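Read through the structure below, which is laid out as structure tokens, and then see the notes.
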Amino acid sequence: MNKLKMASEKSASRVLMLLSQLERLNEEPKVSDNDAIRQTTGKILHLIQTQEKTRKEVASKSSGGMEIILSSLENTQDLQTTLNILAILNELLTVGGGCRTGVFVSKGGTALLLQLLVGSSKDPPANEELMLHIHSLLVKVGLKDRKLGVKARLNGALNVTLNLVKYNLQNHKLLLPCLQVLRVYSSNLVNAVSLGKSGTLEIMFEIIGPFSKKSTTLLKVALDTLASLLKSGMNARRAVDRGYLPTLLTIYQDWHRNDTRHRHVVIRKSILGCIKNLTNIKLGRKAFIDANGMRILYNTSTECLPVRTLDPLVNTSSLIMRKCFPKNRLPLPTIKSVFHHPLLHIPASGPVAKLYNQPPGVDDVVDESDENEATEVDTENDTEYDEDETGPKTQNDDIETDINKLRPIQMNTRPFDELRAYEYFFREFSENFELHRPIIIPTTPSSLGPQNRRPPQEDLLTPKPDESPLELDSISISKRPEGTSDPDLVCSLGRLVLDAGVNGGSVDGPQDEGGEQAVLEVPDTAALLPLHDPDLYLEMVKSTRSVPAYTEVGYPDYFGHVALNLREPILERVYGVQRMKIFQDIERLIHPSDILDKVVYDLDNQSCPVTDNGESLKFNSKFESGNLRKAIQVRKFEYDLILNSDINSNHYHQWFYFEVGNMRPGVRYRFNIINCEKSNSQFNYGMQVLMYSVQDAINGSPHWVRTGSDICYYKNHFSRSSIAAGGQKGKSYFTLTFTVTFQHKDDVCYFAYHYPYTYSMLKMHLQKLSALRTAQIYYRQDDLCVTLGGNSCPLLTITAMPGSSSNDPISQFRSRPVVFLSARVHPGETNSSWVMKGTLEYLMSCSPQAQSLRESYIFKIIPMLNPDGVINGNHRCSLSGEDLNRQWQNPNAELHPTIYHAKSLLQYLRATGRTPLVFCDYHGHSRKKNVFMYGCSIKETVWQTNVNTSTCDLHEDLGYRTLPKLLSQMAPAFSLSSCSFVVERSKEATARVVVWREIGVQRSYTMESTLCGCDQGKYKGLQIGTSELEEMGAQFCLALLRLKRFTSRLERHNHNSHLLDMETDLIETRSIPNITSPTTYVLEEDEPAFLEEVDYSAESNDEIDPDLEPDLQDNHKSFS
Ligand SMILES: [Zn+2]
């Protein structure tokens, strides 16, 4: 080592000279050198212990000191030399340890130590000092060498350390470092199993015990070791068998009682850590319940609550209690939807066949066998585990990587003859307008179109009028007795009933003072809501066909909703709200006698009248879009609510809309919707539910308002049947809880997931819109088809009448590009209807821009792709029990008529050379904020997948980015950074992807509007309201107008030039947020799934023990 010699000559440092001496001795080992080596190492040790700088010199890379020392350690047979060297290493690694330990590990020090350990244990009794040195070094190594556990096992060192612990229980000086090493060993699962078999659990229980101020460090290490061991299912079972669970509870209580000044919170937390791991197995949970664990942890936690520093204890206790809370079945006879709609044709492999073909006796409410077996299997998988190895499932596994599936397909599988029937819906292309005369455009609802107004296959599906369960003629509105001409309505229990002319005698509704019969004033909203008319609404309801044959009308839909002229900020989450709610839930188990469990509303058992002592709230949701199935009064002011599943389905619960009456003002009512399915919700991030008060409406405030406090959304103890969870066992439902204080006595209030927008409301709006026609506006309404439920699906055509100024107005008219819009394929996404309303109103307005827009395009609009779902209160599906936005690849004319015919329209357009310029399907997003778009781009998809980038030379027109870019400049709620243009595999059958690939629409989008609010732009920090949603719809129109300028420029440049700065924009897209694959089986979004940092789950997370490392370091200083 020349370097070394030079260094030694230069500094003439004594320690370096000694090192070089040692090196020489290592090179030519002779027996006679033993003394010399012993002396040299002794001198080095002395220098290191007395002179700070010598440590640095020895440890410095240039000196090569570490290698020399390790080499001596390897070669020596002499005990004293070994002890000297170990002492040197201990000194070196104690101060400024991290880096030096790293060098030590990298030079193979770990293996040397372990060999030394095993070797010297062969002839007992082992030298105590030697063992002390080795273990204290191993503790330090354990912080750096993640493979220490594995290496120890392979070297046969586990039992050496264990035996030392076993035989030195009273010798704390040696016990502590050995135990610390054992803790490191047992963090490896294979080691844990092996150590468990060798009796380590029993030994730990000899160390841990009741409260004592002595040996707390030792105790903490023993508890942490135990907790690690209990991660193995085998060890956990062994511990339960030996009755350790009640012991741990007793020890915990003892520390809780005696540690009055909270000096030993870490120890208390460690005890809970053991209980937590023990209750990962079913047997452990049972033992916990049997040992009265619920009550013990509940009581101790309640006492800890006032002290904020004890939060870790409360949180871990809460986690354990939630885990052990006995799983319940939902209190329902079946989770199949209450209402069944018979289908003419049930495909054998479809969801409906599966649903109704279950063998008798299969309980679809809960699987008896499934209790968290999944987690148990995991913990029993005694294989090598490395925390890093269980990394996240590859984030991009949903991205389409098959380039052939990204290329447009040029297929015209349908002969044009078949599409010819759709000519009817494009009459504007063939009509001969006679100018200078008033023109009436026939619209199907109000006038009889041609005989072939529907494609022939529809007629089969059109139900005969006599099939209707509701005799339309027999419906009349319960009006005030004759003699009065005002539009007041008699209110029957606060409900608006369409009945057979008889009032049913139930006229004891909202009572004013002294009056039994109250008359409701209809709020005069005509000026504020030009598209709303209560009488017209009732007319529309009469022709709406619902599966349950609803005869009632929700007041908010009847009165109308005027957007609130008030800012509604996104709520800040109250600290500890979830914990508080969970504790209240746990109290149900602790104090069962407090629980009423009184069913107050039950669609499954309608014949059984609910006894009414006037103390309970009254619920109802038997009106369009309503979907409450059952309400149970749990406590005096607390109700569990169960939502109905989508018709012909057994899941998809998220949307809700129901009515509440008979409330007491000024009282805090807690509502829990207990069968939600999504794994997280914006309700955890400041979103509130919507409430509509009939009293307020009558008093001049007909608004849906954001309401509720103490809102949170968390996993509950109602287990989900694997039948409804895609075969996944051990899944639970989620609870949405909110608290409301009502303002008025005898009010009737409505609650909804989002601003309701019914099918009848759409029909009313369309009728009002058609009345806005002027001589300049071409507006036509057709029935695209009839749905499974017998409702018509409106199709609108809006453009400008042929101008007279142009040379050839008719030809200009016919050459306008088509813009194709749709909305509300998902019934629970009512926000998409409000955006659509904004679009429609804008298109029918008389501003010059609107006229210019109409002159630029022909709009084909299907404002509600899933009328049946909307009417029947579904969240996701149509009456076929399927998500219609997964049927675009191969829609079935009978089962998915709206999709089948919508796609046919697009195919017709393509076949006739009129492929739309823009296609956009409006949706709502439950987990993200703002409004944004998803589009389709081959290049951006390929970039995300890291697939061979040579495919990037694909030519792709960048025009798909123009519209979102324009929207981000114009619409305050719109966020470009949330947009994505990646094609996902799971979305290959959605409208956006199919219209892009099969129809060849380059600008094919899903536009997603938040249910919650915005975190950027003008509305930052505010919850979204209908006026913002409608504004979005109008801004979309304006953006299309600007797009016109871009596209006409494109036309002039003959499609070859790229747009302006669009290239540079594209570069930005590389930073589009990562796409994660959907985490839940059901209710997947139409977009990459998204989870924010979840503070709601923070309470159930295993945090890294922050005191672990300092603890280790400190102990070591005091020892060495
Ligand atoms: Zn959707």
Side-chain angles (χ1 to χ4, degrees), residues 398 625 627 646 649 651-656 676-682 687 752-757 759 762 821-837 839 862-870 872-878 880-889 891 896 898-899 902 919-936 973 978-980 982-984 986-996 1004-1012 1024 1029 1032-1033 1036 1075 1078-1090:
D398 190 32
S625 294
N627 76 337
D646 285 5
S649 147
H651 59 138
Y652 303 108
H653 319 100
Q654 209 75 18
W655 161 258
F656 57 88
C676 298
E677 282 169 282
K678 290 201 175 195
S679 56
N680 198 359
S681 160
Q682 282 288 329
M687 182 165 85
Y753 180 59
H754 196 74
Y755 301 92
Y757 190 104
Y759 171 70
L762 171 72
L821 306 176
S822 59
R824 206 71 189 279
V825 70
H826 294 140
E829 297 165 5
T830 55
N831 42 1
S832 69
S833 279
W834 290 98
V835 177
M836 181 53 86
K837 175 170 182 269
T839 295
I862 306 173
M864 196 172 275
L865 276 168
N866 188 357
D868 292 341
V870 170
N872 294 295
N874 283 8
H875 176 68
R876 189 79 178 174
C877 297
S878 74
S880 73
E882 291 163 294
D883 180 344
L884 287 181
N885 204 31
R886 291 294 183 279
Q887 313 302 330
W888 279 79
Q889 268 184 330
H896 324 114
T898 59
I899 305 302
F919 171 85
C920 188
D921 192 19
Y922 294 0
H923 283 253
H925 201 294
S926 71
R927 289 191 284 194
K928 284 178 100 168
K929 295 200 166 71
N930 309 314
V931 181
F932 50 92
M933 273 180 156
Y934 293 115
C936 304
S978 305
C979 296
S980 166
V982 170
V983 180
E984 308 87 352
S986 60
K987 309 294 156 57
E988 66 174 9
T990 62
R992 161 175 66 102
V993 177
V994 171
V995 172
W996 173 68
S1004 176
Y1005 306 103
T1006 303
M1007 185 160 78
E1008 302 274 354
S1009 301
T1010 178
L1011 290 163
C1012 175
I1024 205 147
L1029 293 166
M1032 187 64 231
F1036 184 84
I1075 314 299
T1079 47
T1080 41
Y1081 165 75
V1082 290
L1083 303 183
E1084 44 181 7
E1085 307 291 328
D1086 287 319
E1087 65 286 314
F1090 175 86

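Only a predicted model underlies this, so the values are computations on that prediction, with no experimental measurement involved. Whatever order the structure lists ligands and atoms in, that order sets their numbers, starting from 1. Hydrogens, waters and symmetry mates play no part in the numbers below; they use all other heavy atoms, side chains included.
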Heteroatom of His826 nearest to the Zn ion (ligand 1) (N, O or S, atom name): ND1

Heteroatom of His923 nearest to the Zn ion (ligand 1) (N, O or S, atom name): ND1

CD1-CG distance between Ile899 and Leu865, expressed to the nearest 0.5 angstrom: 5.0 Å

Reported CZ-to-CG distance for the pair Arg927 and Leu1011, which is rounded to 0.5 angstrom: 11.5 Å

Backbone or side-chain N/O/S of Glu1008 under 2.8 Å of the Zn ion (ligand 1): no

Distance-only donor-acceptor check, side chains Ser880 and Glu882, under 3.5 Å: yes

Trace of the ring pair (Phe, Tyr, Trp, His ring centres under 6.0 Å) decision for Phe932 with His925: CA-CA 9 Å; Phe932 50 92; His925 201 294; 5.5 Å; yes

